Amino acid sequence: MKVLVVGGGGREHALVWKIAQSPHVDTIYAAPGNAGIADIAECVSVGVGDLDALCTFAGERDVDLTVVGPEAPLTAGIADLFQEKGHRIFGYRADGARLEGSKVWAKQFMARHAIPTGAFTIHSDPVEALKEMEGGTIPCVVKADGLAAGKGVLIATTPQEGRAAIERVMVDRAFGDAGERIVLEEFLSGEEISVLAVSDGESYRLFVPSQDHKRAYDNDEGPNTGGMGAYAPVPSVSDTLSERIRREIIDPTFYGMRAEGIEGVGVLYFGLIITADGPKVLEYNCRFGDPETQVILPLFEGDLVEVMLASTERKLDTVYFSNSDEAAACVVIASGGYPGSYKKGYQIEGLGEASKTGCIVFHAGTALMDGTVVTSGGRVVGVTAVADNLEEALSKVYRGVETVRFTDCFSRSDIGKKGLERV
Ligand code: GLY
């Protein structure tokens with residue numbers, strides 16, 4: 001089989017790494033891929049936003065299965081286009097991808113299906129939004145409706161911050177048209193977890209729950225990032241809590257999708273918060289998480305290609321799907337300055353040494369320059385370790401992290417700490 005993976009970050013490297021383990025696969029293409037992906041796949045220089053070129057490539061190379069990493073091509077309708085042209089694709093069609101692409105639509109969907117989430121109002125007029133915010137509870141959350149590269153969620157701890165957030169999103173249009181409407185939402189406190197489900201429109205299967213670390217620095221300080229590390233499983237997610245999450249959130253979500261005629265072939269990411277009143281949805285994503293994928297796939301024991309094929313054929317309930325009872329941890333090594341501006345092109349040393357410590361190095365923002373691996377993004381590599389338990393996975397991963405060096409690099413030193421405290 002020939003498989004095309006769309007994307008070029010750490011998530012896509014983990015997908016390519018797992019797909020390459022399937023005996024069904026002869027050739028993997030990645031568009032555009034990165035320096036690490038290039039070791040196991042043929043990288044093609046087509047951008048993730050060029051849907052027509054991706055579709056033409058899949059047709060010309062007789063690609064048997066296309067797997068989409070990022071949200072933008074899914075919300076733009078890549079799955080609809082591929083299906084129209086008769087190419088098999090694993091990823092939500094545009095109607096399902098609205099769960100991520102429109103925060104307004106997602107909240108209305110949750111309201112229609114009584115799925116627990118924070119109380120909210122929707123605004124397209126900034127004056128009304130300001131009035132509502134000033135008369136409401138603080139802290140509050142201001143969310144741009146559309147995609148904003150993970151930056152469109154602003155937490156306001158004072159009315160002044162609330163005003164600034166509304167003006168930034170709706171008036172200054174910091175995120176362009178994504179800020180045409182906003183969700184003004186109750187601030188929820190509790191532990192955040194990510195639960196990822198593969199679905200086929202009829203049934204679903206769950207990967208092990210994981211936890212991301214979104215802030216740039218230790219102790220959850222500093223600006224929000226795409227994610228500085230993750231671990232799985234999450235010790236605080238007991239069997240009772242898992243059952244509650246399934247019953248109150250996951251089942252009603254898939255039921256709601258079916259009831260509304262949404263196909264649901266692909267992955268749905270449930271961004272949850274465990275509040276004193278129980279689990280609630282913070283967000284849906286219509287794709288694998290990054291860096292969560294770098295810990296859940298090393299713990300996944302089935303053949304990912306068989307799972308994805310079965311999903312496209314509505315036969316997910318017939319396929320082997322099992323998660324290991326080990327633990328995994330991933331630490332992201334980032335460019336100094338990230339998530340703000342940073343320099344690129346620094347040589348990365350110690351990648352081979354990290355692999356010798358038994359870690360898996362997933363490349364995110366890397367490129368090849370004259371045969372040397374150099375930095376080309378904010379999140380540069382994610383070092384992942386698997387071990388019998390979380391404590392061992394964390395010791396192992398930090399031994400691997402110590403070996404990787406490039407100018408101005410930084411990483412968090414407390415990934416998994418909350419999990420360890422709960423063990
Ligand atoms: N790690 C957060 C996300 O993938 O959206």
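Atom set for the values below is all heavy atoms of this structure, side chains included, hydrogens, waters and symmetry mates excluded. Both counts, for ligands and for their atoms, begin at 1 and track the order of listing. All values derive from a computational prediction rather than experimental measurement.
Because its NZ or CZ atom is not both nearer than 6.0 Å to the ring centre of W17 and within 45° of the ring axis, R11 does not count as a cation-pi partner of that residue.
Contact check on E202 versus R258 returns no salt bridge, with no Lys/Arg side-chain nitrogen under 4.0 Å from an Asp/Glu carboxylate oxygen. The residues K396 and E392 are annotated as not salt-bridged, no charged nitrogen and carboxylate oxygen being separated by less than 4.0 angstrom. Ion pairing of K107 with E185 is present here, as a side-chain N (NZ or NE/NH1/NH2) and a carboxylate O approach within less than 4.0 Å. The pair E100-R287 counts as a salt bridge, with a side-chain nitrogen and a carboxylate oxygen less than 4.0 angstrom apart.
Listed as neighbours of ligand 1 are D212, G226, Y269, N285, R287, G289, D290, P291, E292, each bearing a heavy atom under 4.0 Å from the ligand.
Ring planes of F300 and F321: tilted class, angle from 30 to 60°.
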